Colleague: 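Would you mind keeping the following structure in view while I ask a few things?
Keep in mind that this is a model prediction, so the values were computed, not measured. Computed from heavy atoms alone, side chains included, the values below leave out hydrogens, waters and symmetry copies.
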Amino acid sequence: MELTLIEEAITNEQFTNDVNENFEDWKVNFSVSDSDYQDQKIWFHHLIQTFLDLLRDVEDDEELSVLVFSKYVELKCLWKQLNAQVQYQNFKKGLADSNLVLKASLVTYILIAIEPLLHEDDLAEIQSFLTKPIREIMYTKTPNPTGPDQDFSDADQLSEQIDSLYYDKEYLFKRLGTCEPEEVVSIIKNMREQVNNLQDEMVDSCVIGKSIQFYGKRKITVHKN
């Protein structure tokens with residue numbers, strides 16, 4: 001894995017614009033003070049910069065892959081912790097700490113940015129690893145429909161499902177610009193129509209040699225000099 005590829009993922013213009021927009025929305029929606037705003041800006045900058053400093057010190061391609069993998073695990077764990085805290089604050093107090101809400105959202109942006117750098121098998125392994133402790137609790141505890149153990153297992157399972165839903169919601173919003181079910185379905189249908197149209201258009205395509213290509217259902221006349 002090349003260093004420039006990782007740097008681009010978390011420093012490119014689109015990533016920076018999305019993060020800045022998230023900061024501004026957070027400041028307006030939660031009526032954030034200037035001091036809190038600056039504190040969170042510093043926190044996020046430090047989070048990104050320390051990661052970049054680590055990568056630039058190492059540079060070895062193989063080691064970089066390991067570091068990106070471990071950073072993804074670290075951030076995914078941080079996101080789960082923040083998200084759980086926000087959920088329980090909402091449940092107990094009816095309102096969550098806005099700083100935690102922002103941090104969870106910002107961590108999601110980094111996760112989404114570096115996720116394409118990881119192999120699908122690695123991502124599946126990470127997800128399995130992070131959910132394994134809960135599975136072990138659920139399978140090793142003695143079933144007792146009326147006892148506290150059963151309630152604890154159900155709560156853990158529900159928490160894990162909520163975590164997954166929150167992350168999926170953030171991922172959809174980042175990739176598609178919306179997380180509303182009707183809009184997501186409409187976008188997917190539109191994408192499928194575009195693919196079908198492209199397939200119809202390219203059905204009679206042909207390639208001659210390595211450089212001359214004729215695409216689509218078109219009449220083409222080649223005049224030989």
Colleague: Can Leu123 and Tyr72 be said to form a side chain to side chain contact (heavy atoms under 4.5 Å, CB included), step by step?
Modeller: CA-CA 9 Å; Leu123 293 171; Tyr72 185 88; 3.8 Å; yes
Colleague: For the atom pair CG (Leu117) and CD (Glu2), what is the distance rounded to the nearest 0.5 Å?
Modeller: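 Nearest 0.5 Å value for the CG-CD distance: 11.0 Å.
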Colleague: Taking atom CG of Leu64 and atom CG of Leu3, what is their separation to the nearest 0.5 Å?
Modeller: 6.0 Å
Colleague: Measuring from atom CG of Leu111 to atom CD of Glu74, what distance do you get when rounded to the nearest 0.5 angstrom?
Modeller: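 Rounded to the nearest 0.5 Å, the CG-CD separation comes out at 10.5 Å.
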Colleague: Any ring pair (Phe, Tyr, Trp, His ring centres under 6.0 Å) involving residues 41-69? Give me the pairs, sequence neighbours left out, ordered by first then second residue.
Modeller: none
Colleague: Check Asn90 against Ala96 and note the closest heavy-atom contact, atom names and distance.
Modeller: OD1-N, 3.1 Å
Colleague: Would you mind reporting whether Asp39 and Asn99 have side-chain heavy atoms less than 4.5 Å apart?
Modeller: no
Colleague: Pick one: which of Leu75, Val68, Val73 meets side-chain contact (heavy atoms from CB on, under 4.5 Å) with Lys71?
Modeller: Leu75
Colleague: Among all residues two or more places apart in sequence or in another chain, which pass the side chain to side chain contact (heavy atoms under 4.5 Å, CB included) test with Gln38?
Modeller: none
Colleague: Hey, is CD on Gln49 packed in by over 12 heavy atoms from elsewhere, all under 6.0 Å?
Modeller: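 Yes.
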Colleague: Mind checking what makes side chain to side chain contact (heavy atoms under 4.5 Å, CB included) contact with Leu100, not counting sequence neighbours?
Modeller: Leu82, Gln85, Val86, Gln89, Asp97
Colleague: Taking all heavy atoms of Val19 and all of Leu106, pick out the closest pair and write down the distance.
Modeller: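 Closest pair (atom of Val19, atom of Leu106, distance): CG1-CD2, 3.9 Å.
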Colleague: With a 3.5 Å distance limit and no angle check, can you tell me whether Asn83 reaches the backbone of Trp79 through a side-chain donor-acceptor pair?
Modeller: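 Not a single qualifying donor-acceptor pair exists.
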Colleague: Which atoms form the tightest heavy-atom contact between Glu63 and Val58, and what is the distance?
Modeller: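 It is CG-CG1, 3.4 Å.
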Colleague: Strictly by salt bridge (charged side-chain N to carboxylate O under 4.0 Å, His left out), give each pair with a member in residues 103-113 just once, sequence neighbours left out.
Modeller: none
Colleague: Could you tell me the separation between the CD1 atom of Ile42 and the CG atom of Leu47, rounded to the nearest 0.5 Å?
Modeller: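 Atom-to-atom, Ile42:CD1 and Leu47:CG are 13.5 Å apart.
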Colleague: Is there a side-chain contact between Thr50 and Leu54 in this structure, where contact means two heavy atoms from C-beta onward sitting under 4.5 Å apart?
Modeller: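 The answer is no; the side chains never approach within 4.5 Å.
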Colleague: List the atom pairs, donor and acceptor, that lie under 3.5 Å between side-chain atoms in residues 4-12 and the rest of the protein, sequence neighbours left out.
Modeller:
| residue | atom | partner | partner atom | Å |
| --- | --- | --- | --- | --- |
| Glu7 | OE2 | Arg56 | NE | 2.6 |
| Glu7 | OE2 | Arg56 | NH2 | 3.2 |
| Thr11 | OG1 | Glu7 | O | 2.4 |
| Asn12 | OD1 | Gln14 | N | 3.0 |
| Asn12 | OD1 | Phe15 | N | 2.8 |
| Asn12 | ND2 | Glu8 | O | 2.7 |
| Asn12 | ND2 | Ala9 | O | 3.2 |

Colleague: Taking distance alone, no hydrogens or angles, what donor-acceptor pairs closer than 3.5 Å link side-chain atoms of residues 23-31 to residues at least two apart or in another chain?
Modeller:
| residue | atom | partner | partner atom | Å |
| --- | --- | --- | --- | --- |
| Glu24 | OE2 | Tyr37 | OH | 2.4 |
| Trp26 | NE1 | Ser98 | O | 2.9 |
| Lys27 | NZ | Asp34 | OD1 | 3.3 |
| Asn29 | ND2 | Asp25 | O | 3.1 |

